[in-house]
Amino acid sequence: MAPPPGSAHLNYTLSGGMILASTASHYGKLKQLHLRSLPIGLAIGGLMAGSAVLVGKNESFKGHLLASGVSGVATVQGLKLCYSNVRPLYGVWSILPLVLGTSIWAAGFAYNAKKAREWWPDKE
């Protein structure tokens, strides 16, 4: 089997990071606040892995379009959490990982939107 193309690596990384973070959040100290973190994180991580598989199968437009949609949703949800009640409960140091994660997902959205635009199918 050939290695995945370079543009799929970011999607595999974001997928693995989301699955790991949602599992750690679900089974960690914040379990009472994040009861839905595991299924949502697994769904987002699975969709990102699926987009990377599509990119690897030379379906680059579909893969990057799916990844930009999923990372856009993850970015919006991260921003929503940044401005929710998590900040006053745990202080400024608990929000820094959330801001970092949201920034990474925003960068993933920008990258995948750019790649989807590059692979936009021409109508001939």
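In this chain, numbering begins with 1 at the start of the sequence shown.
Note: Ser7 OG to Trp119 CH2 = 7.5 Å, rounded to the nearest 0.5 Å. The CE atom of Met18 sits 10.5 Å away from atom OG1 of Thr23, with the distance rounded to the nearest 0.5 Å. Atom CG of Leu79 sits about 7.0 Å away from atom OG1 of Thr75, to the nearest 0.5 Å. Rounded to the nearest 0.5 Å, atoms OG1 (Thr102) and NZ (Lys80) are 12.5 Å apart. The OG atom of Ser22 sits 9.5 Å away from atom CD1 of Ile40, with the distance rounded to the nearest 0.5 Å. The distance from atom CG of Asn11 to atom NZ of Lys115, rounded to the nearest 0.5 Å, is 11.0 Å.
Linking Ile, Leu, Val, Met, Phe, Trp and Tyr residues whenever their side-chain heavy atoms come within less than 4.5 Å leaves Ile19 and Ile104 in two separate clusters. Following chains of ILVMFWY side-chain contacts shorter than 4.5 Å, one can reach Leu14 starting from Tyr111, so the two form part of one hydrophobic cluster. Leu54 and Phe109 sit in two unconnected hydrophobic clusters of ILVMFWY residues. Membership requires side-chain heavy atoms under 4.5 Å apart, directly or through other members. Note on Val76: it does not cluster hydrophobically with Leu65, by side-chain heavy-atom contacts below 4.5 Å among ILVMFWY residues. Cluster membership for Leu100 and Trp105, using ILVMFWY side-chain heavy atoms within less than 4.5 angstrom, is shared.
Of the possible donor and acceptor atoms, none in the side chain of Ser15 sits under 3.5 Å from a partner among the backbone N and O of Met48. For the pair Ser68 (side chain) and Ala113 (backbone), a donor-acceptor distance under 3.5 Å is absent.
Here the closest heavy-atom approach between residue Gly63 and residue Ser51 is recorded as O-CB, 3.2 Å. Contact detail for Ala49 and Tyr12: the closest heavy-atom pair is O-CE2, 4.3 Å.
Counting heavy atoms from C-beta outward, Phe61 and Leu66 have side chains that stay 4.5 Å or more apart.
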